[in-house]
Visitor: 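Quick one: the structure is below, questions incoming.
So you know, we letter chains A, B, ... as the sequences are listed, proteins then strands, and number each from 1.
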Amino acid sequence: MKSHNRYELSGGQRILRWLYVLTLIVMGFTGFGQMPIFKRYYIADIPGMAWAANFFLTHYIHYLGAIFLFALIAYVILGYILSGRKQFSLTASAYVRIALLGGIVVTGIFRVFKNLPDVVFFPGFTLFIDIAHLGFMMVYIFSALFFLIIKSGWVVRKSY
Amino acid sequence: MANEISRRLFIKGGLAAIGTVGASSLPLPATVRGATQGALATLIDIRKCIGCEACVEACQEVNEPKFPEPEKPFPKMYPSRVKVSDWSDERDVMDRLTPYNWLFIQEATVTVNGEEQTFTIPRRCMHCQNPPCADLCPWGAARKLKNGITRIDADICLGGSKCKAVCPWHIPERQTGVGLYMDILPAFAGNGVMYKCDRCYDRLEQGELPACIEVCPENVQKIGPRDEIIKEAHAIAKEINGHIYGEKENGGTNTIYVSPVPFEELNKAMEKGPGKPHMKPVEDSMAHADNLAKAMVIAPLAGAVAALGKFYKFTKNDNGSEESRK
Ligand code: SF4
Ligand code: SF4
Ligand code: SF4
């Protein structure tokens, strides 16, 4: 694997990475919380977790997470374009993750759009969007775990 | 008064006749047909309702083909605390909402000008303008239609009852043992199908009136383009010095009640509980989502500005160090 030329993250990048991972965990949890399963499967019974069964609250947090994620993604993309790409190139696993994340974000945007007043989707489209959003997320989780195991990062330092 | 009495007498005799007029012979008014692009709303003038329940019976009758026919015994569900909701042996219940009764007549006895008066109020789904049941349905089984109907698709619904939990009036009612979940993992996910008034979407498509509106001998309900209905509701309210419910509740609904007494009083006087919704003021449940959606537009800009700022600082520092090296 490419681990030999895996690039050591700087302090700032490490913070960004943790923010990203943390946001995705929160998004994953509150996203799952949109299905009525936390109450049925005792998650909400764990002391301090009763909030997890409050659909409006998990929905609110999911939206807040999306706001943060959008800002983070814009920051990282622009940062990469402005300065990062001179020194680093994206790994194959980064492209896979970008594609999946793109899928999650785009379907998520549609979902937010649908929730606005006066927006009506034709039947079947909402179902498609919902399942695609969940599907992209599940594939993302599994591929992220796989890339973690094979130690494939997002970027490698360009060799000159 | 005399007029009212004669009308009542007419109803008693004429109700059967109305029933035989046939479903399709009372077409949707032209204004409604022409306005199918926009949201339709119903006006419910509770002064007129005599509580005959003809609407309730008509609703059961025309919607019978949509009612659940559950397979029994129900598959065992895990964990064991998951409750079975079974109304299939109580299909005749008319005094509350059930999967087999999407409309009921709620009573409220209040004192008006020192006199006791009982109001009978048809209750069903409000068909919200921004329905949390549809917005938050994780499958898109509950959805909002262009003509202002909120409908739960019985073929997709898994019966998780989230729509009921987030509905400010807890309208949808569950029947276990039917629907898609039976074909997936009946023991572990889902619990049936949620049912509620679909405002006779199929009849509206055919240019017919919802059954409850068509059959009502007192013309309690009226359906039309929402803005016209709102105008009319306000005109009536002004005339009788009355009150309106449903225009602003939950951010606006397509069911507009008009009453001569404040809804607060009616709400206090009516029996509430499972299948018997309140008439309290309701805040817009989806307001938080609408506000955060706006912030989502700004978020990427904020991120980009931060990146630009950092880059600018970075290049400036870079230049600075170059210069200092000279
Ligand atoms: S709305 Fe009409 S049909 Fe229904 S109970 Fe009242 S008067 Fe009878
Ligand atoms: S009243 Fe309840 S079930 Fe009906 S549209 Fe509004 S939120 Fe949905
Ligand atoms: S509109 Fe149709 S489904 Fe709704 S209460 Fe009236 S008859 Fe029943």
Visitor: Contact part of B:Lys144 toward chain A, heavy-atom cut-off under 4.5 Å: side chain, backbone, both or neither?
Guide: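 For B:Lys144, the contact with chain A is made by backbone and side chain together.
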Visitor: If the plane angle is over 60° it's perpendicular, under 30° parallel, otherwise tilted; pick one for A:Tyr60 and B:His288.
Guide: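 Geometry flag for B:His288 against A:Tyr60: tilted rings.
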Visitor: Side-chain contact, heavy-atom cut-off 4.5 Å: B:Leu136 with A:Phe56?
Guide: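 When only atoms from C-beta onward are counted, A:Phe56 and B:Leu136 do touch, with a gap below 4.5 Å.
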Visitor: Against chain B, label A:Leu116 side chain, backbone, both or neither, depending on which of its atoms sit under 4.5 Å from a heavy atom there.
Guide: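 Backbone plus side chain of A:Leu116, per the 4.5 Å heavy-atom cut-off to chain B.
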Visitor: Below 4.5 Å from any heavy atom of chain A, which atoms of B:Ile298 appear? Answer side chain, backbone, both or neither.
Guide: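 Neither part, no heavy atoms under 4.5 Å.
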Visitor: Counting N and O atoms only, with roles assigned by atom type, does the side chain of B:Lys162 sit under 3.5 Å from a partner on the main chain of A:Met35, one being a donor and the other an acceptor?
Guide: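 Looks like no, no N/O pair under 3.5 Å.
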Visitor: Side chain, backbone, both or neither: which part of A:Val119 has a heavy atom under 4.5 Å from chain B?
Guide: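 For A:Val119, the backbone is the part near chain B, not the side chain.
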Visitor: Tell me, out of B:Val166, B:Leu292, B:Val305, who's got the most heavy-atom pairs with chain A below 4.5 Å.
Guide: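 Top option by heavy-atom pairs under 4.5 Å: B:Leu292.
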Visitor: Relative to A:Tyr42, does B:Arg81 satisfy both conditions: NZ or CZ under 6.0 angstrom from the six-membered ring centre, and within 45 degrees of the ring's axis?
Guide: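 Yes, cation above the ring, under 6.0 Å and within 45°.
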Visitor: Does CG in B:Asp183 sit with more than 12 non-hydrogen atoms of other residues, nucleotides or ligands closer than 6.0 Å?
Guide: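 Yes - once you tally the heavy atoms of other residues, nucleotides and ligands closer than 6.0 Å, there are more than 12.
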Visitor: Which atoms of B:Met286 come close to chain A, meaning under 4.5 Å heavy atom to heavy atom: side chain ones, backbone ones, both, or neither?
Guide: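 Contact with chain A is through the side chain of B:Met286 alone.
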Visitor: If you count heavy-atom pairs under 4.5 Å with chain B, which of A:Ile129, A:Leu127, A:Leu82 comes out on top?
Guide: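 The residue among A:Ile129, A:Leu127, A:Leu82 with the greatest pair count is A:Leu82.
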Visitor: Of the non-hydrogen atoms in A:His59 and B:Ala289, which two are nearest, and what is the gap between them?
Guide: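 Heavy atoms only, the tightest pair is CE1-CB, 3.8 Å.
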Visitor: Where on B:Cys137 is there a heavy atom nearer than 4.5 Å to chain A: the side chain, the backbone, both, or neither?
Guide: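 Contact with chain A is through the backbone of B:Cys137 alone.
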Visitor: So, the side chain of B:Arg143 versus the backbone of A:Phe122: is there a donor-acceptor pair under 3.5 Å, distance only?
Guide: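 Checked: no pair found.
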Visitor: Pick one of side chain, backbone, both or neither for B:Ala141, based on which atoms fall under 4.5 Å of a heavy atom in chain A.
Guide: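 B:Ala141 has no heavy atom closer than 4.5 Å to chain A.
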Visitor: Looking at every non-hydrogen atom in both residues, tell me the closest pair between B:Ala307 and A:Gly79 and how far apart they are.
Guide: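 For B:Ala307 and A:Gly79, the tightest heavy-atom pair comes out as CB-N, 4.0 Å.
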Visitor: What part of B:Ile156 gets within 4.5 angstrom of chain A, counting heavy atoms only: side chain, backbone, both, or neither?
Guide: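 It is the side chain, since no backbone atom gets that close.
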Visitor: State, to 0.1 Å, how close B:Ala293 and A:Val112 come at their nearest heavy-atom pair, and which atoms those are.
Guide: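 Closest heavy-atom pair between B:Ala293 and A:Val112: CB-CG1, 3.7 Å.
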Visitor: Is it the side chain or the backbone of B:Val82 that comes within 4.5 Å of chain A heavy atoms, both, or neither?
Guide: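 Just its side chain gets close to chain A.
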Visitor: When only pairs under 4.5 Å are counted, which of B:Gly190, B:Pro79, B:Pro132 shares the most heavy-atom pairs with chain A?
Guide: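 Most pairs with chain A among the choices: B:Pro79.
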Visitor: Given that the side chain runs from C-beta out, which part of B:Pro131 has a heavy atom under 4.5 Å from chain A: side chain, backbone, both or neither?
Guide: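 When you check distances to chain A, no heavy atom of B:Pro131 falls under 4.5 Å.
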Visitor: For chain B, which candidate among A:Thr126, A:Val120, A:Asn115 shows the most heavy-atom pairs at distances under 4.5 Å?
Guide: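 The candidate making the most pairs under 4.5 Å is A:Asn115.
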Visitor: How close do A:Tyr41 and B:Tyr78 get, counting heavy atoms only, and between which atoms?
Guide: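 For A:Tyr41 versus B:Tyr78, the nearest heavy atoms are OH-O, 3.5 Å.
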Visitor: Please report the closest heavy-atom contact between A:Asp130 and B:Trp139, naming both atoms and the distance.
Guide: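 Answer, listing the atom of A:Asp130 first, then B:Trp139: OD2-C, 3.2 Å.
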Visitor: Step through the shown structure and confirm whether more than 12 heavy atoms of other residues, nucleotides or ligands are within 6.0 Å of CZ on A:Phe110.
Guide: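 Counting neighbours around CZ of A:Phe110, 12 or fewer heavy atoms of other residues, nucleotides or ligands fall under 6.0 Å, so no.
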